[in-house]
Amino acid sequence: EALCSLARYAFECPSCPFPEFVEDSEPATFVASELKHPLIPNDVCVANDVSITRERSLIMVSGSNMSGKSTLLRTVGVNLVLASCGAPVRAQGLVTSRFQVGCAMRANDSLKQGVSLFYATISRLKNIVELAGKSPPLLFLLDEILQGTNSHDRRLGAQGIIKQLIRQNAMGLVTTHDLALTEITESFGKAAANIHFVDHLEN
């Protein structure tokens, strides 16, 4: 059933290319041109070029609400999963390594289990950090990291987690509303970059 589903997706999307995988012996890389989310219609979907390599292993994404930050992370994640399944990807082209995907998005609290939003987020982050430094390498997608705590503690905690991941040769994207957190890129030099999403209203 899974293979039939992938085959149908490939049949229904003849313009979507299959990804090109680099050898495991080569430096880890994820380079996509005109990457789009498979579930967003073409007439409203915004394509983005995404390049994550050993030379630039961290991308900090800031921007206003509803500007597309979380959607970019989902777009990277779902296309990487499709590629890993042997399916075509929604892009002009994708060159990628094999990756583990570590995703921290939409953590939920639980009254029944006595788990706060902050604890649920910390638990997810712990699992992601434990994946780093293993084979295949980790590509992390962290959305609004450590939400649910004050800005000072969030900044210090987020910086510590990101630096630990990068030290263990992981690479990925982090979204934030906290512009002060984007200053972490300065400590990585050319290995990190900031991008900023904006939107505008018409009529």
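Since the structure is predicted, the reported quantities are computational estimates derived from the model, not experimental observations.
- Scanning both residues, Ile52 and Gly172, for their nearest heavy atoms gives CG2-N, 4.1 Å.
- By the 4.5 Å heavy-atom criterion applied to side chains, Pro88 and Tyr9 are counted as neighbours.
- Atom CG of Leu94 is separated from atom CG of Leu82 by 10.0 Å, given to the nearest 0.5 angstrom.
- The closest side-chain heavy-atom distance from Ile184 to Met60 is below 4.5 Å.
- The shortest non-hydrogen separation linking Pro137 to Arg54 is CB-NH2, 4.0 Å.
- Of all heavy-atom pairs between Cys85 and Leu6, the closest is O-CD1, 3.5 Å.
- Side chain to side chain, Asn48 and Lys36 fail the donor-acceptor criterion of an N or O pair below 3.5 Å.
- Atom OG1 of Thr175 and atom CG of Leu141 lie 9.5 Å apart (nearest 0.5 Å).
- Note on Val76 and Val78: separate hydrophobic clusters, where clusters join Ile, Leu, Val, Met, Phe, Trp and Tyr whose side-chain heavy atoms are under 4.5 Å apart, directly or indirectly.
- Side-chain atoms of Thr53 come within 3.5 Å of backbone atoms of Glu55 as a donor-acceptor pair (strictly under, hydrogens ignored).
- Residues Leu35 and Asp49 fail the side-chain proximity criterion, which asks for heavy atoms closer than 4.5 Å.
- The shortest distance between side-chain heavy atoms of Val22 and Thr96 does not fall below 4.5 Å.
- Between Phe197 and Leu72, the closest side-chain pair of non-hydrogen atoms falls below 4.5 Å.
- The two residues Cys45 and Arg90 have their closest heavy-atom pair at SG-NH1, 4.0 Å.
- Atom CZ of Arg56 sits about 10.5 Å away from atom OG1 of Thr29, to the nearest 0.5 Å.
- Of the possible donor and acceptor atoms, one in the side chain of Gln100 sits under 3.5 Å from a partner among the backbone N and O of Pro136.
- The environment of CD in Glu12 is crowded: more than 12 heavy-atom neighbours from other residues, nucleotides or ligands sit within 6.0 Å.
- The shortest distance between side-chain heavy atoms of Val50 and Val31 does not fall below 4.5 Å.
- The OG atom of Ser62 sits 5.5 Å away from the CG atom of Leu179 when rounded to the nearest 0.5 Å.
- In the displayed structure, Arg167 atom CZ is contacted under 6.0 Å by more than 12 heavy atoms of other residues, nucleotides or ligands.
- Taken to the nearest 0.5 Å, the CD1 atom of Ile59 stands 7.0 Å off from the OG atom of Ser51.
- Within the 4.5 Å cutoff, no side-chain heavy atoms of Ile145 are placed close to those of Phe140.
- The shortest side-chain heavy-atom distance between Val174 and Val61 does not fall under the 4.5 Å cut-off.
- No donor-acceptor pair under 3.5 Å is formed between the side chain of Ser67 and the backbone N or O of Gly63.
- The CZ atom of Arg98 sits 4.0 Å away from atom CG of Asp24, with the distance rounded to the nearest 0.5 Å.
- Contact detail for Thr185 and Thr182: the closest heavy-atom pair is OG1-O, 2.9 Å.
- Between Ser33 and Ala91 the shortest heavy-atom distance is O-CB, 3.5 Å.
- Leu80 and Val95 fall into different hydrophobic clusters, defined by Ile, Leu, Val, Met, Phe, Trp and Tyr side-chain heavy atoms under 4.5 Å apart, directly or through other members.
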Side chain to side chain contact (heavy atoms under 4.5 Å, CB included) evaluation trace for Ile162 with Phe188: CA-CA 11 Å; Ile162 294 169; Phe188 293 110; 4.3 Å; yes
Worked check of side chain to side chain contact (heavy atoms under 4.5 Å, CB included) between Cys16 and Val89: CA-CA 6 Å; Cys16 293; Val89 293; over 6 Å; no
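- His37 and Asn79 share no side-chain donor-acceptor pair at under 3.5 Å.
- The closest donor-acceptor contact from the side chain of Lys163 to the backbone of Ala158 lies at 3.5 Å or more, if one exists at all.
- Electrostatic pairing of Lys69 and Asp143 does not count as a salt bridge here, judged by no charged N lying under 4.0 Å from a carboxylate O.
- A donor-acceptor pair under 3.5 Å links the side-chain atoms of Arg124 to the main chain of Cys103, judged by distance alone.
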